[in-house]
Amino acid sequence: RQSLESPSVNKSIYPMSETSSASPEIEILRKEIERLNKIIEALMDRIEEASNDQLTDFGVFHATISLEDQVRSRTQELEDALRKNEKITRALNQAKMQIEQNEQRLHEITSSLGEGLLVLTAEGTITFINRAACKMLGWQEDEVLGKNAHTLFHHSHEDGRPYLITACQHVKVARTKKLFMSDDDSYWRKDGTHFPISVIATPISLEGNTTGAAITFRDITEARKERDWLRLMQAAIEHTPTSVMITDKNANIIYTNPQ
């Protein structure tokens, strides 16, 4: 009998790339491609069996052509799946690159700010801190990322009394969804000292869901000293036996003490 060779098809064609293990969608593609490879192997075995059976030349020819069509069809499915996988991989790589570029730009912008900037989750975990905040607090970026902000530097009042996280207004904004502002707050440095701050806590919302808070703050030590000095001077003027009057440049009286 005339012997017809089975079609030359590589049973392990198109191996999956290692980069495809990163997402559930690509894992599904991996399993589908493995399934198609098994089908192709089975079809090739059937072609070999058909060639070895005691069939007529026409029977062998017919079986071979039929199986070739099936192999070709399955191979096309495999190629389509691989193209889809490559497209997904390219999209993931582009998205990753875009995220890295955005993060780099955010770091560059926030590094030039004089104010401290923190981004917290709804539970108070630090996901971002800028250079100014690190400098004021005495911490390195890698020391605080993933840590709870309240536990690190907002744990106590200025007089040393414990400040419970359940009462922390900075963390509460994620639940209340309301802006919080204060010029009468403080943070604690890594070395155990504290400093007064002016702080604004803003809720962060993504697609209508509040996911955390953005905290901006600045050290108001010098401003606090000036305020305390003015209060002291005001008290001294009000209690002096001498009459004191203050006017503006147009001679309008803007202040007089009780005397």
Side-chain angles (χ1 to χ4, degrees), residues 96 99-206 209-239:
K96 181 179 179 181
I99 290 173
E100 291 175 349
Q101 291 175 349
N102 289 342
E103 288 181 345
Q104 180 62 32
R105 186 178 182 189
L106 178 62
H107 274 281
E108 291 173 354
I109 293 173
T110 58
S111 293
S112 64
L113 297 177
E115 294 185 335
L117 173 62
L118 303 165
V119 177
L120 313 180
T121 66
E123 294 75 30
T125 302
I126 302 170
T127 59
F128 177 83
I129 183 170
N130 74 339
R131 188 179 302 169
C134 289
K135 183 177 181 180
M136 283 186 275
L137 294 167
W139 294 90
Q140 297 297 320
E141 180 181 9
D142 59 354
E143 294 179 308
V144 302
L145 291 180
K147 305 293 181 58
N148 187 278
H150 186 85
T151 302
L152 280 182
F153 44 77
H154 201 218
H155 48 75
S156 304
H157 294 278
E158 289 187 48
D159 59 7
R161 289 180 297 112
Y163 191 176
L164 299 179
I165 191 170
T166 52
C168 178
Q169 297 296 331
H170 303 184
V171 177
K172 274 187 177 181
V173 296
R175 298 194 303 271
T176 63
K177 303 179 182 180
K178 295 181 179 179
L179 181 75
F180 171 76
M181 302 175 63
S182 176
D183 290 327
D184 190 24
D185 211 332
S186 62
Y187 275 159
W188 291 77
R189 300 184 183 92
K190 183 179 181 180
D191 63 9
T193 60
H194 64 83
F195 59 99
I197 61 171
S198 175
V199 61
I200 301 176
T202 307
I204 298 175
S205 296
L206 295 176
N209 297 318
T210 302
T211 59
I215 312 293
T216 57
F217 67 95
R218 57 188 178 87
D219 185 342
I220 57 171
T221 300
E222 295 304 319
R224 179 76 65 83
K225 288 179 180 179
E226 292 178 2
R227 185 190 68 182
D228 293 343
W229 173 253
L230 289 174
R231 287 178 177 175
L232 179 62
M233 291 299 296
Q234 183 179 4
I237 291 173
E238 288 179 352
H239 290 86

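Just so you know, residue 1 is the first one in the sequence shown, and it goes up from there.
Here the SG-NE2 distance, from C168 to H150, works out to 5.0 Å after rounding to the nearest 0.5 Å. In this structure, M136 CE and R218 CZ are separated by 10.0 Å, a value rounded to the nearest 0.5 Å. A distance of 8.0 Å separates CG in L145 from OG1 in T127, rounded to the nearest 0.5 Å. Distance check, rounded to the nearest 0.5 Å: OG1 of T121 to CZ of F128 gives 15.5 Å. Of the inter-residue distances, the one linking I197 atom CD1 with I220 atom CD1 reads 8.0 Å to the nearest 0.5 angstrom. Rounded to the nearest 0.5 Å, atoms CD1 (I200) and CZ (F217) are 12.5 Å apart.
Using a 4.5 Å cut-off on side-chain heavy atoms (C-beta onward), V144 and L137 make no contact. At least one side-chain heavy atom of L120 sits under 4.5 Å from a side-chain heavy atom of I126. Contact check for R227 versus L230: no side-chain heavy atoms found under the 4.5 Å cut-off.
In this structure, K147 and L152 approach most closely via the heavy-atom pair CB-CD1, 3.7 Å. Between A174 and A122 the shortest heavy-atom distance is CB-CA, 3.8 Å. Contact detail for T151 and N148: the closest heavy-atom pair is N-OD1, 3.0 Å. Scanning both residues, E141 and I129, for their nearest heavy atoms gives CG-CG2, 3.9 Å. Looking at every heavy atom in both residues, W188 comes nearest to H157 through CZ2-O, 3.2 Å. The heavy-atom pair separating A133 from L118 by the smallest distance is CB-CD2, 4.4 Å.
Although no hydrogens or angles enter the test, the distance criterion places a donor-acceptor pair under 3.5 Å between the side chain of N130 and the main chain of E115. The backbone N or O of Y163 sits nowhere less than 3.5 Å from a side-chain atom of H154 that would complete a donor-acceptor pair.
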Give the C-alpha distance, both sets of side-chain angles, the deciding distance and a yes or no for side-chain contact (heavy atoms from CB on, under 4.5 Å) between M181 and T216.
-> CA-CA 10 Å; M181 302 175 63; T216 57; over 6 Å; no
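Two rings, from Y187 and H170, have their centers less than 6.0 Å apart.
The environment of Q140 atom CD is sparse: at most 12 non-hydrogen atoms of other residues, nucleotides or ligands sit within 6.0 angstrom.
Classification of R189 and D191 as a salt-bridged pair fails, no side-chain N sitting under 4.0 Å from a carboxylate O.
Every residue two or more places apart in sequence or in another chain that forms a side chain to side chain donor-acceptor pair (under 3.5 Å) with E143 is listed here: K190.
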